[in-house]
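Everything numeric here is computed off the predicted structure, so don't read it as measured data. Chain letters run A, B, ... following the sequence lines, proteins first and then strands; every chain starts at 1.
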2 protein chains.
Amino acid sequence: MSTNSRMSVAVHVLAWIAYDRRGTDKEIATSERIATSVNTNPVVIRRALGQLKAAGLVDGSRGRLTGWELTRDAARITLLDVYRAVGEGEVFALPAAPPDAECYVGYGIHDVLAGTYRNAQQALCAELERVTIADVLRDALARYESRSLA
Amino acid sequence: MSTNSRMSVAVHVLAWIAYDRRGTDKEIATSERIATSVNTNPVVIRRALGQLKAAGLVDGSRGRLTGWELTRDAARITLLDVYRAVGEGEVFALPAAPPDAECYVGYGIHDVLAGTYRNAQQALCAELERVTIADVLRDALARYESRSLA
DNA sequence: TTAACATGTAACCGAAGCAGTTACATAGTT
DNA sequence: AACTATGTAACTGCTTCGGTTACATGTTAA
């Protein structure tokens, strides 16, 4: 599929913010710092944060020493929320050109496909809804802890 | 999502071939004729047929007056078969650049995401598997029959 | 055997989307 | 007022897609 990586970036960003750093170095969540963890450019992070902010998942201001915050508990942000926030469209696309409406098959097939795609998409979304940012963070940290057994 | 229309084209092609034209004009299934129904270029159809043939869903030769055929009943070809035949990859992608392995979050997040994506993708595929080409054809024809009520 | 027909495939085009980057105006803090 | 970080525009290189032309190859029918 075509597929961009915005979903992955957005989840990473949220998990990074969700991680409680009060014990460590009191690192404020800036696009710069997050970009280091994601290994990309700060602007890419700002674009992601912009979408997440528009969706009401995070909040932040321009001032110094501010830092981004989640607007609610990480356990209450699902990957479906993120999926919608980053504006991912449909998984399947119909051809731009409409089929031959004179053809027995062509006449209605786009509508039929659209319905089928809707069901498939819904199944996908239902699965995304079962996972939260808290889940992702927990699993990621678990992997970090159990590393270095190599 | 990125999203191409190959899936849609392939399903259209299969439904077109599945439609029994013995009663009508005995139209042989050529890339040219199918292209008319799909409203695209014959080469696009040939590319699709090439993938479907490689997947063993259709068969055809170069000769004249041959025509493409399904290798099995339309009721036994699922949209999941088609999905795999057209080589659609994963719905979600991870960033090309690996995250910062020193970061508590970055270290394991790609693996975590990959697992989640796998589950979501599986849900999608399960839904596609429930629909066959025969289903699509039946529904499309039903729409054709009940048209012109406008 | 030969003419007709249809496929397979390479090659190219324009359009679109994406990630990355630079640059800079703007806004909020200290 | 100085500092800091965001928001955003603009540009780049890369990739993919659908569409198109062109042509060699293979198969059938006459």
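- Look at B:W68 and you'll find a side-chain N or O under 4.0 angstrom from OP1 or OP2 of C:dT7.
- A:T66 comes within 4.0 angstrom of nothing in the nucleic acid, heavy atoms only.
- Distance alone, capped at 3.5 Å, is enough to place a donor-acceptor pair between the B:T3 side chain and the A:E90 backbone.
- When the side-chain nitrogen and oxygen atoms of B:K53 are compared with OP1 and OP2 of C:dT7, none of them lie within a distance under 4.0 Å.
- When the nucleotides D:dG18, D:dT27, D:dA9 are ranked by their closest atom to the side chain of B:V44, D:dG18 comes out on top.
- Neither OP1 nor OP2 of C:dG8 sits under 4.0 Å from any side-chain N or O of B:R62.
- At whole-Å resolution of the value, CG in A:L94 and C1' in D:dC17 are 16 Å apart.
- When each of C:dA6, C:dT22, C:dA19 is scored by its nearest atom to the side-chain atoms of B:T30, the top-ranked nucleotide is C:dA6.
- The 5' end of DNA chain C is approached more closely, in terms of each residue's nearest nucleotide, by B:G60 than by the other of B:G60 and B:P95.
- Under a 3.5 Å cut-off, the side chain of A:R130 and the backbone N or O of A:E127 do not form any donor-acceptor pair.
- Looking at A:T30, its side chain does come within 3.5 Å of a backbone N or O of A:R33 through a donor-acceptor pair.
- Distance CG (B:N4) to C1' (D:dT15): 13 Å, rounded to an integer number of Å.
- Distance, B:D59 CG to C:dA6 P: 17 Å, rounded to whole Å.
- Residue B:S31 places at least one side-chain N or O under 4.0 Å from the OP1 or OP2 atom of C:dT7.
- With A:T71 contributing its side chain and A:D59 its backbone, the two residues share no donor-acceptor pair below 3.5 Å.
- Side-chain atoms of A:N41 lie closest to C:dT22 of the nucleotides C:dT22, C:dA19, D:dT27.
- Looking at which nucleotide of DNA chain C each of B:A96 and B:G67 is closest to, the 5′-most match is held by B:G67.
- Atom CD1 of A:I17 and atom C1' of D:dA5 are 14 Å apart (whole Å).
- The nearest whole Å value for the distance from the CD1 atom in B:I45 to the P atom in D:dC17 is 16 Å.
- Spacing between atom CD1 of A:I28 and atom P of D:dT4 amounts to 12 Å, rounded to whole angstrom units.
- With hydrogens and angles ignored, the 3.5 Å screen pairs a side-chain donor or acceptor of A:T116 with a backbone N or O of A:V112.
- Within the 4.0 Å cut-off from OP1 or OP2 of D:dA5, not a single side-chain nitrogen or oxygen of A:R46 is found.
- Proximity of B:S5 to the phosphate of D:dC17: no side-chain N or O atom is located under 4.0 Å from OP1 or OP2.
- The CE-P distance, from B:M7 to D:dC17, rounds to 15 Å in whole Å.
- Residue B:T40 places at least one side-chain N or O closer than 4.0 Å to OP1 or OP2 of D:dG19.
- Atom-to-atom, CZ of A:R33 to P of D:dA5 comes out at 7 Å; the value is rounded to the nearest Å.
- Nucleic acid contact for B:R47: base, since at least one base atom lies under 4.0 Å from a heavy atom of the residue.
- For B:R64 and C:dA3, the shortest distance from a side-chain N or O to OP1 or OP2 is not below 4.0 Å.
- Side-chain atoms of B:Q121 come within 3.5 Å of backbone N or O of B:V91 as a donor-acceptor pair.
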